[in-house]
Protein chains: 2
Amino acid sequence: MPKVVDHEERRKRLVEAVWALAFRGGIEQVTLRKVADEAGVSMGQVQHYYPSMQALVRDALDRAVQAVNANIENAVRASGDTNPEALLRACLHALVTPAEESLRLMRFGVAALGRAASDPTMARLLAPGDDDLITFTAGLLAEARRERGGEPRGTERIDADICWSLATSLGVDIALDYRSPDSAKALLDHYIEQVLGPERRP
Amino acid sequence: MPKVVDHEERRKRLVEAVWALAFRGGIEQVTLRKVADEAGVSMGQVQHYYPSMQALVRDALDRAVQAVNANIENAVRASGDTNPEALLRACLHALVTPAEESLRLMRFGVAALGRAASDPTMARLLAPGDDDLITFTAGLLAEARRERGGEPRGTERIDADICWSLATSLGVDIALDYRSPDSAKALLDHYIEQVLGPERRP
DNA sequence: CCGGTTACAGTGCGGTCGCATTGTAAACGC
DNA sequence: GCGTTTACAATGCGACCGCACTGTAACCGG
């Protein structure tokens, strides 16, 4: 009975308008009217798909986080490598790539960070990687150490935690133009080298 | 000839009102009227001391950053220790203390981070520690390594960079209630232990 | 005691915002 | 074809915002 349209496509278009606006002028420039203009639709349509401004921004953040996570998984899959160390590097490097799309997402994430400080709902969306991610990364660390001829130290979960903290911090720095992606990657590699310990048997 | 008042005290009062407002409801809740109310003064006074809203928020951020830096220096001075390792820990721990005042400052900093993504002036105020800080920290690292019986590795500046990246990242996590100050401190200590290498001579 | 400067207080204006409301056209079951 | 439901489009409203402007009281060198 209803008019039939692709809702998902509509929402995605609106969310991308939000990203674009926030990328240009900060999240405070995101208003119903501007989102409508940017997406080339009417204000009524925006309201039809999102009951409130908050809901729109929240969904935009949710999708941005999903997209970044997808980038990480793609990096893992694309590396196609079974070498745990290469896999680990691929994961972490995904947060500091110079790719345009990634930059936009990270910058929106940083803009949203500010709101997260006073909006628990957004804070939850931006929360650090979950337990599974830490467990997975810790596993990679343990394997990589073994491959280098060392033995696991039992601190792999802590080390994994540090890995992601460092990587996200560097990602933020890149989004704010405090660092270049290259230098960030170098820093990250230096840390990985250190945390894996020296090669013992070639 | 003019009416004589303590300008510095006035500005400080206004800036603290900005901090308080941003702490409660995010930086977008900071308006001229609310700042005036919070500080218990008239809107005219706010305008008298700051030509625009932007100028007010910028000064608030500037002072917040100065205050955090002062906290770090105080931590160094308070430790009163000549032991380089203890000094290093004191510095870094200053970013993850559970102290109320520090929490407020960090939270305001995070709120401002969002704006920094699109406001270069604010971005500059929030820029990572300058070269002097890195040099100082690298020096501490080198000395601490020597005290442990190891020799400097020539990577002290990179390691110092990682130290501060990690510490600020943990500080942000604390501000957003993603971590407790205690767990952050533990993580930081674990990293320091690792970066200094094992004790060789007791 | 007077003139000039400073330090406010108060008010008003133009603009924008989120959101509610209302109108309308398309799609389909019957 | 008719009624109902969905998917918008358009407009209007009340709230609030930054800022400019105006008035005034305090202070002080002369």
Side-chain angles (χ1 to χ4, degrees), chain A residues 1-62 111-112 114-115 118-119 121-122, chain B residues 1-62 111-112 114-115 118-119 121-122:
Chain A
M1 24 180 153
K3 199 150 88 167
V4 52
V5 294
D6 184 346
H7 297 318
E8 183 55 25
E9 182 266 337
R10 298 280 205 265
R11 284 183 213 271
K12 192 159 192 178
R13 187 206 262 267
L14 292 176
V15 163
E16 262 160 12
V18 170
W19 290 348
L21 283 171
F23 181 75
R24 287 207 297 270
I27 219 173
E28 78 258 7
Q29 292 295 330
V30 177
T31 72
L32 289 185
R33 282 165 245 262
K34 289 184 185 173
V35 169
D37 274 6
E38 180 79 21
V41 303
S42 78
M43 213 178 118
Q45 186 173 142
V46 183
Q47 289 190 89
H48 182 69
Y49 284 98
Y50 294 97
S52 75
M53 191 62 210
Q54 270 208 355
L56 172 56
V57 174
R58 282 207 241 271
D59 192 42
L61 179 57
D62 194 9
R115 293 226 168 162
S118 58
D119 180 341
T121 308
M122 300 201 77
Chain B
M1 18 173 155
K3 201 149 91 171
V4 53
V5 294
D6 184 345
H7 298 319
E8 183 56 22
E9 182 266 338
R10 297 281 205 265
R11 286 184 211 271
K12 192 156 192 179
R13 187 206 264 264
L14 292 175
V15 163
E16 263 162 10
V18 170
W19 292 346
L21 283 171
F23 181 74
R24 287 207 297 269
I27 220 174
E28 78 259 8
Q29 292 294 330
V30 177
T31 73
L32 289 184
R33 283 166 242 262
K34 290 184 185 172
V35 169
D37 274 7
E38 180 78 22
V41 303
S42 79
M43 215 177 114
Q45 185 175 140
V46 183
Q47 289 191 88
H48 181 71
Y49 284 98
Y50 295 98
S52 74
M53 193 62 211
Q54 271 207 353
L56 172 55
V57 174
R58 283 206 240 271
D59 192 42
L61 178 56
D62 194 10
R115 293 225 167 161
S118 57
D119 181 342
T121 309
M122 299 198 76

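We use all heavy atoms of the structure for the numbers below, so side chains are in, but hydrogens, waters and symmetry mates are not. Here is the naming used below: chain letters follow the sequence lines, and residue numbers restart at 1 for every chain.
For Q47(B), the listed nucleotide lying nearest its side chain is dC21(D); candidates were dC21(D), dC8(D), dC19(C). Here dG18(D) is the nucleotide among dC8(D), dG18(D), dC8(C) with the atom lying nearest to any side-chain atom of M53(B).
For the residue pair R10(A) and Y49(A), the shortest heavy atom distance occurs at CG-OH, 3.5 Å. Of all heavy-atom pairs between L61(A) and A112(A), the closest is CD1-CB, 3.7 Å. In terms of heavy atoms, E38(A) sits closest to A20(A) at OE2-CB, 3.7 Å.
Every residue two or more places apart in sequence or in another chain was checked for a ring-ring contact (aromatic ring centres under 6.0 Å, His included) with Y50(A), and none qualifies. Annotation: side-chain contact (heavy atoms from CB on, under 4.5 Å) contacts of A39(A) (sequence neighbours excluded): R13(A), L14(A), A17(A), V41(A).
In this structure, NZ in K12(B) is found 11.5 Å from CG in D59(B), a value given to the nearest 0.5 Å. Note: R58(A) CZ to Q54(A) CD = 4.0 Å, rounded to the nearest 0.5 Å.
Per the geometry, CZ belonging to R13(B) stands 14 Å off C1' belonging to dC8(C), to the nearest Å. Protein atom OH of Y50(A) is 17 Å distant from nucleotide atom C1' of dC19(C), rounded to whole Å. Rounded to whole Å, atom C1' of dC8(C) lies 14 Å from atom CZ of R11(B). The nearest whole Å value for the distance from the CG atom in L56(B) to the P atom in dG18(D) is 10 Å. Computed from coordinates, the Q45(B) CD to dA25(D) C1' distance equals 14 Å when rounded to whole Å. Between the P atom of dC21(D) and the CE atom of M43(B) lies a distance of 14 Å, rounded to the nearest Å.
Within residues 33-42 of chain B, the residues approaching DNA chain D are R33(B), K34(B), by heavy-atom distance under 4.0 Å. DNA chain D lies under 4.0 Å from at least one heavy atom of each of the following residues of residues 23-32 of chain B: V30(B), T31(B), L32(B).
At dA7(D), one or more side-chain N or O atoms of H48(A) fall inside 4.0 Å of OP1 or OP2 (strictly under the cut-off). Phosphate proximity of dA7(D) to R10(A): absent, as no side-chain N or O sits under 4.0 Å from OP1 or OP2. Contact check, H7(B) against dT6(C): no side-chain N or O comes under 4.0 Å of OP1 or OP2.
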Expected list for residues 26-34 of chain B: side-chain donor-acceptor pairs under 3.5 angstrom, two or more places apart:
from	atom 1	to	atom 2	distance (Å)
Q29(B)	OE1	K34(B)	NZ	2.5
T31(B)	OG1	K34(B)	N	3.2

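Among pairs with a residue in residues 42-54 of chain B, none fulfils salt bridge (Lys or Arg N to Asp or Glu O under 4.0 Å), at least two apart in sequence or across chains.
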